[in-house]
Structures are given as structure tokens and as C-alpha cells.
Amino acid sequence: MKKICLSCLSLLFLAFLIVIPTTVSAQEILVNSENVEVLVQEPSVAPKLSDEEIENERVRLRGVYKEQILQYQTAYRQFSLTKADFKKLDTLASLEKAIIATRDAYRTRNELLLTYIDQLLLELYHTPSYDQSITSEYINRFLQLKIEIGRYNQLVINSQDRQALRERADGFIPIAKEIQELSHKARIQLLLGKLRSSSGLAQQITQEVKDAHASNPVSATKQAERQRAYQELTAADAAVEEAWTNSLTELGKIKVYSADTYATFIATLNPIQSRLLRWYSLLDQASQL
Amino acid sequence: MTIFKQEPPVQQTHFTYAEPILEDPTYSAQQQQEISDKRRLVRSRLLNVGGTFLLLLGLLIIISSLSNRDVDDPEVVGLPTATPLPPRVFTPLQERIIGARERTEAIDIRSSELSLPQVDYGFELDEVKR
């Protein structure tokens with residue numbers, strides 16, 4: 001009877017030992033799923049913020065990002081050192097240190113990427129869109145990517161051995177590809193939005209300058225000067241449109257978004273910017289006539 | 001008989017060593033004239049040399065004083081006085097133009113602040129190069 005009781009007790013103890021970690025990991029999963037829930041609930045439409053609030057948020061994110069870069073660099077340096085030690089010594093102790101350092105480097109890299117995405121999201125939310133549907137699509141993809149990186153980061157934190165870390169390295173490949181491609185696309189979208197907004201404003205102000213002149217009649221000589229200014233403004237508008245056409249033709253040629261294609265494309269945006277600046281200078285002169 | 005005995009006696013001149021040569025009135029007047037001429041010549045040459053020396057010295061002083069003038073601070077004489085332009089008064093429309101221009105100029109085409117983080121996207125503990 002005593003033996004039966006003892007064996008029952010030991011079985012209960014064993015069951016307790018098995019159940020506790022399971023409960024803990026279930027709690028972790030619960031916490032993770034809460035995090036995920038929070039991320040999912042992040043709005044895909046622009047939250048209403050004043051210009052000052054946007055700038056404050058921009059500065060805050062920039063500060064966090066810089067700090068995280070330093071943390072990542074330290075962790076990566078530690079990873080390199082422990083990895084070299086492990087290759088040299090090939091002991092269990094050096095392996096353990098290398099595993100911890102690899103995990104830290106992965107974690108700091110993930111946190112850095114999450115803040116980077118937050119910065120891009122802030123700009124996408126609050127920069128005039130070139131194409132609203134494309135901007136919304138990128139915002140949704142970034143939000144989805146944040147969820148994926150959050151999940152991946154939890155897996156990294158839970159990784160205790162070499163095999164698990166190897167799987168984490170494999171798991172990061174699609175995330176890295178997605179983030180690189182999306183970053184290029186989003187930055188192109190942001191630049192197009194800013195320049196298109198500037199072009200639209202230049203056209204609007206041109207009309208306003210003409211309206212202001214119409215309500216302020218001047219001598220025939222002065223009127224001739226105004227007419228010359230209008231011709232120059234029309235030519236500036238045409239020059240900007242021409243630059244837009246060239247740039248959008250180049251955009252249409254991009255099949256794969258990489259660092260090279262990105263660099264080639266943004267070079268076509270420089271003429272748009274410089275011609276817009278000339279347009280505004282002409283507007284300034286015309287407004288004084 | 002020697003030839004010396006037949007030698008005629010030395011003729012005695014009318015003056016002796018004891019008598020000064022200048023005592024000869026004709027000779028003295030001539031000599032004195034020459035001496036005074038020479039003195040005049042020497043004096044005039046000394047005057048010429050001294051005059052030239054003084055002239056050169058004067059020139060040297062003038063030149064050195066002129067060259068020293070460059071070292072001194074130049075005297076500021078009559079600088080043109082710039083009349084400040086009245087500040088330009090901007091209309092609201094002109095302010096909008098200037099603001100729009102500044103915003104366009106501020107567009108960072110390279111968007112370096114938002115460039116991809118410079119991190120190692122493919123590192124791992126095991127030696128598998130991707």
C-alpha cells in the first residue's frame with residue numbers, strides 16, 4: 001500500500017514537473033498573442049496628429065533607433081568574439097556563450113528593424129501620397145511584417161540551443177527579403193508623394209499669382225513684363241512635367257526592387273526637384289511684378 | 001800729375017743749403033700760387049664728395065621712410081558707406097511661395113535617414129554562407 005502511495009506521489013510529482021513548464025509556455029504564448037493582438041489593432045489609416053506631434057514622434061523614434069543601432073553593434077561584436085572562441089576552443093562552455101551572444105544579436109537586430117519600420121510607417125501615414133491605394137497596401141504589408149518580426153523575435157528569445165538558432169537563421173531569410181524590398185518601394189513612394197505635392201502646389205500658386213495680377217492692373221510696360229513672366233512659368237511647368245514623364249518611365253522598367261534599381265531610379269528624381277525649385281524662383285519674381 | 005789736380009774747382013752758386021728755397025721771390029710766388037690752387041681744388045672736391053654723400057643720405061632716408069609707410073596701418077580714408085536696403089515686405093502669397101520652395105529644397109532625394117539599416121541580414125552561428 002505504501003509502495004502504491006509512493007508511486008502515486010512520484011507520478012503526481014512527475015506530472016507536476018511536466019505541467020509547470022507547459023503552463024509557463026502557454027502563458028508566454030498568451031502574452032505573445034496579446035502582443036500580436038496589439039500589433040494587429042494598429043491602424044492602417046493615418047492617426048490624426050498635429051505637425052508638432054509628428055515631429056516629436058519622429059525625433060523620439062530617431063533617438064530610439066540610434067540607441068538600438070549601438071546595442072546591435074555591441075551584440076554583434078560579442079557574437080563575433082564568442083563565435084571565434086567557440087571555433088578555437090570547441091568546448092561546451094564556449095558553445096553556450098556563443099549561443100547566448102547569437103541570440104542577443106538576433107534580438108537586437110529584430111528590435112532595430114521594428115523601430116525602422118515604425119519610422120517608415122510614420123512617414124507613410126503623414127506624407128502626401130502619390131497613390132493612396134499603393135500607400136495603403138505598403139502600410140498593411142509593414143504592419144503584417146511587424147507581426148511576423150514580433151513572432152520571430154519571440155522564437156529567438158525562446159531558442160536555447162544551436163539547432164534552434166539555426167532554424168531562426170533560416171526563418172529570417174524571407175523576413176529580410178521582404179523588409180528590403182518594401183523599404184525600397186516605400187521610400188520611392190514617399191519621394192514621389194512629396195514631389196507630386198510640390199508640383200501641385202506650384203501649379204496652384206501660379207494660378208494665384210495670375211489672379212493677384214488680374215486684380216492689380218498696371219501700366220502697359222509692366223503688363224508686358226508680366227506676360228513674359230507667364231511664358232517662363234508655363235515653360236517651367238512643362239519642364240517639370242517632362243521630368244516626371246522620364247522618371248515614371250524609369251519606374252515602369254523596374255522588375256526587381258534592389259539597392260541598385262533604387263539608386264538608378266532616384267537619380268531620375270533630381271531633375272524634378274531642381275526644375276521645381278526654378279519654378280518657385282520664377283513664381284517669387286512674378287509675384288513682385 | 002793726376003787728372004784730379006787738373007779738375008776745375010766746383011763753382012759756388014749764389015745760395016746755400018742754409019738759405020730756404022722759398023726765399024727766392026720768384027720761386028716762392030709760383031709755389032704759393034700752385035699750393036693755393038691745389039688747396040682750392042681739394043676743397044672743391046671735398047665739397048663735391050660731401051655734398052654727394054649728403055644728397056645720397058637724404059635720398060636713402062626718404063626712400064626708407066617711404067618703404068616703412070607700407071608696414072604701418074593704412075589710414076582709412078573715406079570708406080564707402082553702404083546704405084542698408086529696407087527689409088522686403090512679403091505678402092501672404094510670397095510667404096507661401098518661399099515656404100513651398102524651402103520644403104521642396106528640403107526633400108532628401110537620397111532619403112539617407114530612412115535608408116535600410118546597415119545590419120548583417122544573414123549571420124548565424126554555424127558556417128553556412130548565404
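Residue numbers begin at 1 in each chain, while the letters A, B, ... track the order of the sequences. The model shown is predicted, which means the values in this text are computed figures rather than measured ones.
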Check the surroundings of atom [atom1] in [X]: do more than 12 heavy atoms from other residues, nucleotides or ligands lie under 6.0 Å from it?
{"X": "B:Asp37", "atom1": "CG", "answer": "yes"}
{"X": "A:Glu67", "atom1": "CD", "answer": "no"}
{"X": "A:Lys185", "atom1": "NZ", "answer": "yes"}
{"X": "B:Leu59", "atom1": "CG", "answer": "yes"}
{"X": "B:Gln118", "atom1": "CD", "answer": "no"}
{"X": "A:Arg141", "atom1": "CZ", "answer": "yes"}

**Request:** Kindly compute the distance separating CD1 (B:Ile109) from CG (A:Leu195), expressed to the nearest 0.5 Å.
**Result:** 4.5 Å
Would you mind checking which part of [X] comes under 4.5 Å of any heavy atom in chain A, side chain (CB onward), backbone (N, CA, C, O), both or neither?
{"X": "B:Arg96", "result": "both"}
{"X": "B:Phe123", "result": "both"}
{"X": "B:Ser115", "result": "both"}
{"X": "B:Ile107", "result": "both"}
{"X": "B:Asp120", "result": "both"}

Option in [options] with maximal non-hydrogen atom pairs under 4.5 Å from chain B:
{"options": "A:Leu165, A:Val209, A:Ile69", "result": "A:Val209"}
{"options": "A:Gln273, A:Gln119, A:Lys194", "result": "A:Gln273"}
{"options": "A:Trp279, A:Tyr76, A:Phe172", "result": "A:Tyr76"}

Select one option (side chain, backbone, both, neither) describing which atoms of [X] are under 4.5 Å from chain B's heavy atoms.
{"X": "A:Leu201", "answer": "side chain"}
{"X": "A:Ser197", "answer": "neither"}
{"X": "A:Leu113", "answer": "side chain"}
{"X": "A:Leu277", "answer": "both"}
{"X": "A:Arg168", "answer": "neither"}
{"X": "A:Ser287", "answer": "both"}
{"X": "A:Leu191", "answer": "side chain"}
{"X": "A:Gln285", "answer": "neither"}
{"X": "A:Ala101", "answer": "neither"}
{"X": "A:Glu123", "answer": "side chain"}

**Request:** Examine A:His184 together with A:Phe265 and report whether their ring centres are nearer than 6.0 Å.
**Result:** no
**Asked** Under 4.0 Å between a Lys/Arg side-chain N and an Asp/Glu carboxylate O for A:Glu181 and A:Lys177?
**Response** no
**Message:** Strictly distance-based, threshold 3.5 Å: is any side-chain N or O of A:Arg196 a donor or acceptor partner for the main-chain N or O of A:Tyr130?
**Reply:** no
**Item:** Residue pair A:Thr268, A:Glu250: steps toward the side chain to side chain donor-acceptor pair (under 3.5 Å) verdict
**Value:** CA-CA 8 Å; A:Thr268 67; A:Glu250 279 299 314; over 6 Å; no
